[in-house]
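Taking it in order: structure first as structure tokens, then the write-up.
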Amino acid sequence: MALYPVVRKLLQKRVVLASASPRRQEILSNAGLRFEVVPSRFKEQLNKASFPTPYAYAMETAKQKALDVARRVHQKDLRAPDIVIGADTIVAVGGLILEKPMDKQDAYSMLSRLNGKEHSVFTGVAIIHCSYQDGRLDMEVSEFYEETLVKFSQLSEELLWEYIHSGEPMDKAGGYGIQALGGMLVEYVRGDFLNVVGFPLNHFCKKLAELYFPPRPENVQRVKHDSIPPVDTFEGLSDLSDVEGGGSSPAHSQQGHGTKDTHAKGTVAGLHSSALLEVIDGFKASKALFTASKMKVFDALGDGAPLSAVDVARKIDASEHGTGRLLDACAALGLLEKTHRGYRNTELASRYLRSDGEFSLHSLILHSDTHVWNLFTHLESAVREGTHQHPRALGSTADDPSQGTCRSQDQKLRCLGAMHGLSKLSAHQVATAFDLSQFTSACDLGGCTGALAHELAREYPGLKVTVFDLPEVIEDVKRFQPNGPQTEQVTFVPGDFFKDRLPEADLYILSRILHDWSDEKVHELLSRVSGSCKPGGCLLVAESTLDEEKQAARPGLLPSLDLLVQAQGRARSLSEYRHLLQAHGFTDVRAAGTGNIVDVILATRTEP
Ligand SMILES: Cc1cn([C@H]2C[C@H](O)[C@@H](COP(=O)(O)OP(=O)(O)OP(=O)(O)O)O2)c(=O)[nH]c1=O
């Protein structure tokens, strides 16, 4: 049971979690879902007495939280959400509904009620599908609830107060957290544990599967309504794409025919004029971000107090009028917050857009602005000729198009910085998509600045990682190295993976390498890896993949276009990667979605 097939369908959607609960965020991101968090401002003050059951109350509160966020995000952003998820967890005991305690005394009275007894924990969940008709927001709500029974042991006053003084009860329904210290109070749990922690993941998956993968009418007898298809096989994934209604929109199978059904299913019917305008204007949003980054707006704002447009203009040496317009555009894009005291970086900007942050995408943005932008102006030629546009855009004729990208030292460092930033974004998910603790040595082929290597070292203290990359790359990686004990686990070896002997390792890694190359070159490289990998050793591949129908809009097809213009390679589907790996003696090919920009594949080398 996993969310993966549905996650693939949701990757191209803007999913918003309307919750401040760290537990909910963790449960959903662990399941591989990619989403933004916008906490709801809905006051949980519905009249409990007006609901026939406690779960009706929880579902209504969940729905109101999600509706509040859907409306606010729609008003605030240029890009409105596609799906908003809201949830509400309550504890019900003896006809009473318990929510989060107001203070310690309240926590004490809640815990005393639960002491020695069985109670119910209900989580109501609302999934709101937003669509837009001529700028108007239409919302369809799917909702459900889950109940879990929990029994507390008989606990002494002293123990209850000790627990209350720990501070744990205060932000939790019923005044306890089963996942931490509160676990010690619990004698048994009947039902979904995660439901108690705040989010019924299993039921949520079933609901999504019901919405996105309804069984074909002729298969109703064979396909169980309440189960998600198997996901860790490639066959399962490709079968899913064949399921009628298995497109990227939820199929409202239970709602019968009529306008709603067509509206939800049809990509044409689903694309409204406002969405079209968004696409038409997309380049303006990119250029606003590129310009603000280039002019170091996000550095000027730092993490400090808000600054007025005049102050920012002074810092970036630009006109007040122009700076004000740029700052407003950044605020509309959700990159800055605009308050009556001035502008300040949003969390997103502080983390990714400042040039000095650990996860900075500053170099990637500059690279996109100068290099990729330039290449994309030749998209029409790329389509006509079916080949990359480096000669036109950069005057480069090199075999390896990336050679033309980094001609000056500045360009080279920007390229390395861009790759470093991109790699850092998904390094943790790539390193942890599979348990790699059985390996003692790994070789990251084309591992560049070592961002993934260091993440692997941090995650697996027993692993030595060799980063193998071209000498001209290795000579400049020093500035990207972190501090810390795990740096000793990482070594850099210069070489060309098409020409030189590959370093020995139990685990070879090709992270975002294969897409850069033609099928012929991919076969050549895989054959070299296969020749170096001992039987029982493994190969880990991380790539952004196309869905099996090659219809996924983002993030599948835009990278595919990217590769047409920029490189000689191409995006591939998971089954294409499986066939490539099998052709070179790798079996037991398993895939894991990270919910991030790449999927991860692990394959084992068998005896030749
Ligand atoms: C019973 C129980 C609840 N909880 C938490 C889950 C929820 O976060 C919280 C119940 O309050 P909620 O109002 O459901 O959620 P929230 O206020 O934390 O976040 P938001 O409204 O923005 O979605 O209690 C635990 O973490 N462990 C437990 O054992």
Going by distance alone, is a donor N or O of one side chain under 3.5 Å from an acceptor N or O of the other, for [X] and [Y]?
X	Y	answer
T61	E44	no
S426	R512	yes
N195	T123	yes

Any donor and acceptor pair, going by atom type alone, linking the side chain of [X] with main-chain N or O of [Y] inside 3.5 Å?
X	Y	value
E143	K63	no
N115	L155	yes
S360	D356	no
T491	T466	no
S109	D106	yes
E168	G182	yes

Assess whether atom [atom1] of [X] is packed by more than 12 heavy atoms of other residues, nucleotides or ligands within 6.0 Å.
X	atom1	answer
E26	CD	no
E158	CD	no
E162	CD	no

Looking only at heavy atoms, what is the nearest atom pair of [X] and [Y], with distance?
X	Y	answer
L111	G174	CD2-O, 3.9 Å
P54	I97	CA-CD1, 3.8 Å
V467	C448	CG1-O, 3.6 Å

Problem - Set of salt bridge (charged side-chain N to carboxylate O under 4.0 Å, His left out) partners for R458, sequence neighbours left out - result: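 Partners of R458 by the salt bridge (charged side-chain N to carboxylate O under 4.0 Å, His left out) criterion, ordered by chain and then number, come out as E455.
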Handout entry: Partner residues of R344 under the salt bridge (charged side-chain N to carboxylate O under 4.0 Å, His left out) criterion, sequence neighbours left out
Key =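 Result, salt bridge (charged side-chain N to carboxylate O under 4.0 Å, His left out) vs R344: E337.
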Any side-chain heavy atom of [X] sitting closer than 4.5 Å to one from [Y]?
X	Y	result
E187	E118	no
K65	S19	no
F434	C538	no
L348	L353	no
F199	L194	no
C130	D82	no
E210	K206	no

Exercise for the section: Check the pair L456 / L452 against side-chain contact (heavy atoms from CB on, under 4.5 Å), numbers first and verdict last. Expected result: CA-CA 6 Å; L456 285 162; L452 175 58; 4.0 Å; yes
Taking only residues two or more places apart in sequence or in another chain, which ones pass ring pair (Phe, Tyr, Trp, His ring centres under 6.0 Å) with [X]?
X	answer
H454	none
Y176	H119, F152
F298	none

Say you draw a straight line from [atom1] of [X] to [atom2] of [Y]; how long is it, rounded to the nearest 0.5 Å?
X	Y	atom1	atom2	value
L301	L327	CG	CG	7.0 Å
L361	L289	CG	CG	9.0 Å
L540	L436	CG	CG	6.0 Å
S441	Q489	OG	CD	12.5 Å
E358	R351	CD	CZ	7.5 Å
T89	L98	OG1	CG	13.0 Å

Handout entry: Qualifying residue for side-chain contact (heavy atoms from CB on, under 4.5 Å) with V38, from V16, L17, D68
Key =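 Among V16, L17, D68, the one that satisfies the side-chain contact (heavy atoms from CB on, under 4.5 Å) with V38 is V16.
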Practice task
Any pair with a residue in residues 27-67 that passes ring-ring contact (aromatic ring centres under 6.0 Å, His included), sequence neighbours left out, goes on the list, sorted by first then second residue, please.
Solution key: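 Those involving residues 27-67 are F51-Y57, Y55-F122, Y55-Y145.
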Handout entry: Residue among K172, K48, K43 satisfying salt bridge (Lys or Arg N to Asp or Glu O under 4.0 Å) with E99
Key =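 The passing option is K48.
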Practice task
Determine, stepwise, if the pair F204 / I85 fulfils side-chain contact (heavy atoms from CB on, under 4.5 Å).
Solution key: CA-CA 10 Å; F204 180 65; I85 302 162; 3.7 Å; yes
Exercise for the section: Report the C-alpha separation of V600 and L602 in whole Å, then their side-chain angles, then the decisive distance to 0.1 Å, and conclude whether the side-chain contact (heavy atoms from CB on, under 4.5 Å) test is met. Expected result: CA-CA 7 Å; V600 186; L602 187 68; 5.9 Å; no
